[in-house]
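The block underneath contains the structure these notes are about, expressed in structure tokens.
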Amino acid sequence: VQLQASGGGLVQPGGSLRLSCEASGSIFSIDYMGWHRQVPGKQRKLVAVITSGGSTNYADSVKGRFTISRDNVKNTVYLQMTSLQFEDAAVYYCNIRTPMVYWGKGTQVTVSS
């Protein structure tokens, strides 16, 4: 199973980005799909998750600004990020549980004026 994340980049404060992560390989079903982020020297933290039924959960710091969604046909999870702040800058990792847990390699999000 491989996860390919894309969509990161440089954005100004207040801007938006949309991350995508496609899972490929021998996948029968995906329980949950999620996004985490990590800054140098700190632990990786949950940003948002979405279950196979569409239930979502967000970190308090991103509620109301980020939206997670998924396409079960394409085995793809998205993270729409709006009103980006300096504190959102990080490497963003997607993961899935099948129930095995797999991680993508990460995509860099830089917030700078």
Side-chain angles (χ1 to χ4, degrees):
V1 174
Q2 292 186 328
L3 277 67
Q4 182 64 51
S6 61
L10 173 64
V11 64
Q12 293 184 339
S16 299
L17 280 176
R18 188 191 193 212
L19 306 183
S20 300
C21 177
E22 180 179 6
S24 60
S26 300
I27 301 171
F28 178 68
S29 66
I30 299 175
D31 180 9
Y32 79 65
M33 309 181 84
W35 289 96
H36 295 66
R37 65 188 182 188
Q38 187 172 23
V39 298
K42 295 194 175 181
Q43 288 187 330
R44 193 173 298 184
K45 292 185 178 181
L46 173 71
V47 175
V49 294
I50 183 168
T51 68
S52 57
S55 297
T56 59
N57 190 33
Y58 296 92
D60 288 343
S61 59
V62 306
K63 284 180 180 176
R65 301 187 298 120
F66 290 11
T67 303
I68 189 170
S69 60
R70 63 190 281 175
D71 184 326
N72 292 327
V73 174
K74 296 181 179 179
N75 286 338
T76 299
V77 61
Y78 305 97
L79 186 68
Q80 179 67 49
M81 305 185 292
T82 63
S83 301
L84 282 160
Q85 304 168 358
F86 292 119
E87 304 78 56
D88 296 316
V91 177
Y92 283 71
Y93 297 90
C94 58
N95 77 327
I96 66 171
R97 188 177 71 189
T98 67
M100 293 287 290
V101 177
Y102 300 93
W103 290 88
K105 289 186 178 180
T107 183
Q108 177 74 50
V109 172
T110 302
V111 182
S112 176
S113 55

Is there a path of hydrophobic side-chain contacts, each under 4.5 Å between heavy atoms, that joins [X] and [Y]?
X	Y	answer
Val49	Leu79	no
Phe86	Met81	yes
Ile30	Trp103	no

Tell me whether [X] contacts the main-chain N or O of [Y] through its side chain, where contact means a donor paired with an acceptor under 3.5 Å.
X	Y	result
Thr98	Ser29	no
Thr107	Gly8	yes
Arg97	Asp31	no
Arg70	Ile50	yes
Thr76	Lys74	yes
Tyr93	Arg44	no

With heavy-atom distances below 4.5 Å as the criterion, would you say the side chains of [X] and [Y] are in contact?
X	Y	answer
Arg65	Asp88	yes
Leu84	Pro13	no
Ile68	Val47	no
Tyr32	Ile96	no
Ser16	Gln80	yes
Tyr102	Asn95	no

With side chain to side chain contact (heavy atoms under 4.5 Å, CB included) as the criterion, how do Tyr78 and Thr67 come out once you've worked through the C-alpha distance, each side chain's angles and the decisive distance to 0.1 Å?
CA-CA 8 Å; Tyr78 305 97; Thr67 303; over 6 Å; no
When rounded to the nearest 0.5 angstrom, what is the spacing between [atom1] in [X] and [atom2] in [Y]?
X	Y	atom1	atom2	answer
Cys94	Met33	SG	CE	7.5 Å
Arg18	Ser6	CZ	OG	9.5 Å
Gln4	Ser24	CD	OG	8.5 Å

Would one find more than 12 heavy atoms of other residues, nucleotides or ligands at under 6.0 Å from atom CD of Gln38?
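Enclosed: over 12 neighbouring heavy atoms sit under 6.0 Å from CD of Gln38.
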Give a yes or no on whether Gln108 atom CD has more than 12 heavy-atom contacts from other residues, nucleotides or ligands under 6.0 Å away.
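Count over threshold, so yes.
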With no hydrogens and no angle check, do the side chains of Tyr92 and Arg37 hold a donor and an acceptor under 3.5 Å apart?
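There is such a pair (donor and acceptor under 3.5 Å, judged by atom type) between the side chains of Tyr92 and Arg37.
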[X] and [Y]: which non-hydrogen atoms are nearest, and at how many Å?
X	Y	result
Gly106	Val91	CA-CG1, 3.9 Å
Ala90	Val39	CB-CG1, 3.7 Å
Leu17	Gly7	CD2-O, 3.8 Å
Asn72	Asn75	O-OD1, 3.3 Å
Trp35	Ser20	CH2-O, 3.6 Å
Ser26	Val1	O-CG2, 3.7 Å

